[in-house]
Protein chains: 2
Amino acid sequence: MGESAEAPARAKKKARPRLGRGTLTREIIVDAALRILDEGQVNALTFARLGKELGASPTAMYRHFSSRDQIVTAVADELIRLSIEGYEPAASWMDSLRDLAYRAWRTFAEHHAAAMHTFYRVTLGPNEIRVVDAILEAIHDAGWRGRDAVFNYQMYANMVLALSGRNAAMLTAAAEAGMEPGGFWVQEYRPAHPEEFPYVTELRDELQIRDGFAVFQGQIEALLMAMKATLPSSA
Amino acid sequence: MGESAEAPARAKKKARPRLGRGTLTREIIVDAALRILDEGQVNALTFARLGKELGASPTAMYRHFSSRDQIVTAVADELIRLSIEGYEPAASWMDSLRDLAYRAWRTFAEHHAAAMHTFYRVTLGPNEIRVVDAILEAIHDAGWRGRDAVFNYQMYANMVLALSGRNAAMLTAAAEAGMEPGGFWVQEYRPAHPEEFPYVTELRDELQIRDGFAVFQGQIEALLMAMKATLPSSA
DNA sequence: CGATATAGTCAACGTTATTCACTTATATTT
DNA sequence: AAATATAAGTGAATAACGTTGACTATATCG
């Protein structure tokens, strides 16, 4: 056994001591995973990278998750938690739904690489059910019940996730390609025969608008307005 | 030289003869890629799989595309082409936009694994500009011009892509997990403390609805209705 | 203090995208 | 038609990836 403690840095490769027993938990791993994804690259989340981030062996994660996919699903539920942290129902159901929608947009934009992997998943996790209940509460306050309530819930929730998710995916793809954040909102067409595409040609300059959030706001307002118009007895 | 033609099957491993020069083209590769993705698995599209599908060396693809990502982008433009094949403007701008929306939904659902990789990309390809022009034509017919036209175009196009794309992603994830196609539209919560989530508990049974297209229809109608309501001079 | 199960580690495997040196089929030139 | 050039298909090699199984240390319980 000798004096291995004397010059450990010079030793073959074993610089890192073994981690203690309770060092890793699901939460710690999920936090690290989110931190790694927040650097922006879609494929940055690898077991090797997780190991480096936590000073652990890459395979240590398998003691807490049975696959990479399970880690991603846990990150998805964490994203949901972040988005509803501190949420309180507003005075009107429309304001509640607006608030929840903007929260999702903001969280997904902030953690876009993580959101890209998660926006189409149903985690069935502990936080997801909280949001679902919060949305259903607003729907209930508006006056819908039963099947109608669920249909309106579906239209709203699915739309918020889809729009926020696509924005996150575009942000990630833009970062990956080295473009500026709003890059993928810009559509710059230079057709060989402009006369074939008169409308694109006419609006060439205006198509460069890149304020994704304003578009999102417009879409949410459109849905809320249409929902309100179909309210059973709002008179 | 010699009589290698006599027993080629017995030879070491070289069963396949070398392909002729014009055998592979971008189109042929894209078609094969789409065929492979249509089998349903997200990660089925590999160079090895492409090679097998085309009877070619996996690395042959690099003579026509410089990376896997470029193949996926080409598949994206092909999806766009498929979705507008045979499209003709309808009598009213709303019917045109409905038609284009349903086409996108159908194409994305049919080729969901491919759509999952492509719905957030701006391909700037030859087919994309055709759809953009078709949408802008309907917007023009409705009466919008300039900046307003572009904003309404953004709301519409972004929403159709996001909703159809999320549906495609859910279909793919469900296939991957061995669920039935509508699996991810079902949200079945069994909370430990039902009284904490009264609205989820009350609507437990109705939450199992799985008709994604009906929801999509509702969302599109909501947007069209809201757009119509803001038309400048429709009176 | 010693047994035991749990959590972290290490080496290995099969796949993956990508690169590079090569070879051969076709198009062009003479 | 023969010679040449060049683009297109090939195969071996590499590094990184997720996952597995055998191992080994450590915290806790009796």
Side-chain angles (χ1 to χ4, degrees), chain A residues 1-2 4-5 8 11-30 32-33 36-37 39 41-75 113 117 173 176-177, chain B residues 1-2 4-5 8 11-30 32-33 36-37 39 41-75 113 117 173 176-177:
Chain A
M1 288 106 207
S4 65
K12 297 136 196 175
K13 275 179 183 179
K14 312 202 62 176
R16 180 169 52 76
R18 191 192 185 98
L19 284 187
R21 275 254 287 206
T23 310
L24 297 179
T25 65
R26 287 177 68 98
E27 283 194 11
I28 290 175
I29 294 173
V30 168
I36 291 168
L37 283 169
E39 290 166 12
Q41 305 281 17
V42 215
N43 297 322
L45 185 62
T46 68
F47 283 90
R49 184 74 184 73
L50 267 172
K52 205 202 268 184
E53 181 81 15
L54 295 167
S57 159
T59 59
M61 316 306 151
Y62 281 94
R63 299 291 159 195
H64 303 271
F65 295 94
S66 61
S67 73
R68 181 182 187 278
D69 200 68
Q70 290 224 3
I71 300 180
V72 175
T73 299
V75 170
H117 288 296
E176 204 91 356
Chain B
M1 306 146 184
S4 65
K12 295 137 200 177
K13 275 179 181 177
K14 312 202 64 178
R16 179 170 52 76
R18 192 194 186 94
L19 285 185
R21 276 252 287 204
T23 310
L24 296 179
T25 65
R26 286 178 68 99
E27 281 194 13
I28 289 175
I29 293 174
V30 168
I36 291 168
L37 283 169
E39 289 165 14
Q41 306 280 18
V42 214
N43 298 322
L45 185 62
T46 67
F47 282 90
R49 184 75 184 73
L50 267 173
K52 205 202 270 182
E53 180 81 15
L54 294 167
S57 160
T59 59
M61 317 306 151
Y62 281 95
R63 298 290 159 197
H64 304 270
F65 295 94
S66 60
S67 73
R68 183 182 186 277
D69 199 69
Q70 290 223 2
I71 300 180
V72 174
T73 299
V75 171
H117 289 297
E176 205 90 356

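Residue numbers begin at 1 in each chain, while the letters A, B, ... track the order of the sequences.
Within residues 61-71 of chain B, the residues approached by DNA chain D to less than 4.0 Å at the level of any non-hydrogen atom are B/Arg63, B/His64, in residue-number order. Taking every heavy atom of residues 45-55 of chain B and every atom of DNA chain C, pairs under 4.0 Å involve B/Leu45, B/Thr46, B/Phe47, by number.
Legend: residues meeting side-chain hydrogen bond (donor to acceptor under 3.5 Å, both in side chains) with B/Thr59, ordered by chain and number and at least two apart, are B/Ser57. Shown here are the side chain to side chain contact (heavy atoms under 4.5 Å, CB included) partners of B/Ala113, two or more places apart in sequence or in another chain: B/Leu37, B/Thr172. For A/Ala173, the side chain to side chain contact (heavy atoms under 4.5 Å, CB included) partners two or more places apart in sequence, or in a different chain, are A/Phe184, B/Tyr120. For A/Glu39, the side-chain hydrogen bond (donor to acceptor under 3.5 Å, both in side chains) partners at least two apart in sequence or on another chain are A/Arg49. Every residue two or more places apart in sequence or in another chain was checked for a ring pair (Phe, Tyr, Trp, His ring centres under 6.0 Å) with B/Phe65, and none qualifies. Evaluation of the side-chain hydrogen bond (donor to acceptor under 3.5 Å, both in side chains) rule for A/Ser66 yields A/Gln70 as partners, not counting sequence neighbours. Contacts of A/Ala48 classified as side chain to side chain contact (heavy atoms under 4.5 Å, CB included), with partners at least two apart in sequence or in another chain: A/Thr46.
Base contact: A/Ala60 has a heavy atom under 4.0 Å from a base atom.
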Pull out every protein N or O sitting under 3.5 Å from an N or O of nucleotides 24-30 of chain D, one pair per line with the distance.
unit_1: D/dT24; atom_1: O2; unit_2: A/Arg18; atom_2: NH2; d: 2.9
unit_1: D/dT26; atom_1: O2; unit_2: A/Arg21; atom_2: NH1; d: 3.4

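By the 6.0 Å contact criterion, CD on B/Gln41 is enclosed, its count of non-hydrogen atoms from other residues, nucleotides or ligands being greater than 12. Counting heavy-atom neighbours within 6.0 Å of B/Glu176 CD, excluding the residue itself, gives a total above 12.
Applying the salt bridge (charged side-chain N to carboxylate O under 4.0 Å, His left out) test to every pair with at least one member in residues 59-70 of chain A, sequence neighbours left out, gives these pairs: A/Asp69-A/Arg121.
Rounded to whole Å, atom P of C/dA17 lies 9 Å from atom CG of B/Asn43. D/dA8 atom C1' lies 13 Å from atom CD1 of B/Ile28, rounded to whole Å.
With hydrogens and angles ignored, no donor-acceptor pair closer than 3.5 Å exists between the side chain of B/Thr59 and the base of D/dG9.
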